[in-house]
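If you read the sequence from its start, that first residue is 1, and numbering goes on from there.
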Amino acid sequence: MEELKVKVYIEKALSFHVFSYLLGIVLGLSMAAPPGPINAIMANESLRSKLHGSSVGFGAMTADFIFFLITFEIRELIPETFLLAFYFVGGGLMLFLAYATLKAKVSKRSKKGNYFTGLIMGISNPYQISWWLTVGLFMINKFGLTIIPSFFGGIIIWIFSFTTFINRLGDKYAKYVKIFSFAILLAFGVYMIYEGVISLL
């Protein structure tokens, strides 16, 4: 009887770990895949090389890791005014990057990457912060630290698959990727500033 209970317990524990692992990947993809400013810059930079595009993604993922640490340690103690300021900072950054993306010429000479661009965009993105204070907080409280490796694994899967896909499109579609990137960045910039103004009023 005791052996049966132990067997059932082990089976339940394994099922929970498998479920949390798969859920972590899905949540990582849901965080990284939707069209937004990070993916717009990644797409534009992937025309230069996969290294440029993926470095933006890894910069943004570093911001996610920072937010994870903050969320885990501080939980619900982050003030709303702190979040509000990022609407204006992030919105202004999106508008600048939209202009820079439209004016930039595709170049394959440099291999420096754009890690800090992704990091700064992620740190100043109120939607990324909001995600961690809502879905991220629930994820940590429900599954603990066991889900975190697969969550970031999902983001890494997206970074490599998305940048590889865009890079293989080639220069033939460069104009359309640039226009797409500009439109997404401009829309997010305007919307973020609008949300900041509405919140103040």
Side-chain angles (χ1 to χ4, degrees), residues 21-68 89-132 135-136 147-192:
Y21 177 79
L22 295 176
L23 180 62
I25 292 177
V26 171
L27 286 173
L29 289 171
S30 72
M31 172 72 170
I38 302 294
N39 282 332
I41 292 293
M42 284 174 62
N44 191 62
E45 292 298 321
S46 293
L47 294 172
R48 305 171 66 187
S49 73
K50 288 186 288 186
L51 175 62
H52 281 82
S54 60
S55 62
V56 174
F58 281 112
M61 189 179 75
T62 302
D64 280 316
F65 185 72
I66 293 171
F67 292 141
F68 154 66
V89 174
L93 178 62
M94 295 303 108
L95 295 180
F96 171 77
L97 289 173
Y99 173 80
T101 297
L102 191 64
K103 293 294 183 180
K105 294 182 179 179
V106 176
S107 171
K108 296 183 180 293
R109 291 177 297 175
S110 174
K111 295 295 181 182
K112 294 180 180 178
N114 293 272
Y115 173 84
F116 289 105
T117 299
L119 176 60
I120 293 171
M121 288 179 67
I123 288 292
S124 63
N125 189 343
Y127 300 102
Q128 212 158 325
I129 300 172
S130 299
W131 190 95
W132 277 103
V135 180
I147 199 173
I148 298 303
S150 60
F151 170 79
F152 284 101
I155 296 178
I156 292 173
I157 290 172
W158 173 255
I159 290 172
F160 282 120
S161 60
F162 181 66
T163 55
T164 298
F165 174 76
I166 294 296
N167 181 259
R168 289 183 178 178
L169 289 177
D171 293 338
K172 180 180 178 181
Y173 299 95
K175 176 181 178 181
Y176 303 103
V177 173
K178 187 181 291 291
I179 293 173
F180 165 79
S181 302
F182 168 77
I184 293 295
L185 289 166
L186 179 64
F188 265 78
V190 172
Y191 182 68
M192 287 164 66

Which residues share a side chain to side chain contact (heavy atoms under 4.5 Å, CB included) with F96, sequence neighbours left out | none
Nearest 0.5 Å please: distance from the OG atom of S54 over to the CD1 atom of I156.
-> 11.0 Å
Which distance, rounded to the nearest 0.5 Å, do you find between the CE of M61 and the CD1 of I38?
-> 12.5 Å
Give a yes or no on whether the ring-centroid distance for W131 and F68 is below 6.0 angstrom.
-> no
Could you walk me through whether F165 and F160 pass the ring pair (Phe, Tyr, Trp, His ring centres under 6.0 Å) test, one step at a time?
-> CA-CA 9 Å; F165 174 76; F160 282 120; over 10 Å; no
Can you list the residues that meet the ring-ring contact (aromatic ring centres under 6.0 Å, His included) rule with F152, with sequence neighbours excluded?
-> F65
Output for pair (I148 CD1, F151 CZ), nearest 0.5 Å, gives 7.0 Å
Taking side chain to side chain contact (heavy atoms under 4.5 Å, CB included) as the test, write out the residues that go with F162, two or more places apart.
-> N39, M42, A43, W158, I166
Among all residues two or more places apart in sequence or in another chain, which pass the side chain to side chain contact (heavy atoms under 4.5 Å, CB included) test with V26?
-> none
With sequence neighbours excluded, tell me which residues meet side chain to side chain contact (heavy atoms under 4.5 Å, CB included) with F116.
-> L119
Stepwise side-chain contact (heavy atoms from CB on, under 4.5 Å) check, D64 with W132 = CA-CA 8 Å; D64 280 316; W132 277 103; 3.0 Å; yes
CG-CG distance between L95 and L186, expressed to the nearest 0.5 angstrom = 6.5 Å
Between S46 and G53, the two heavy atoms sitting closest are OG-CA, 3.4 Å
For H52, does its backbone N or O pair with a side-chain atom of S49 as donor and acceptor, under 3.5 Å?
-> yes
Rounded distance (nearest 0.5 Å) linking atom OG1 of T163 with atom CG of L51 = 9.5 Å
Of the non-hydrogen atoms in N114 and V56, which two are nearest, and what is the gap between them?
-> CB-CG2, 3.4 Å
Using the test side chain to side chain donor-acceptor pair (under 3.5 Å), find all partners of S161 that sit at least two apart in sequence or belong to another chain.
-> none
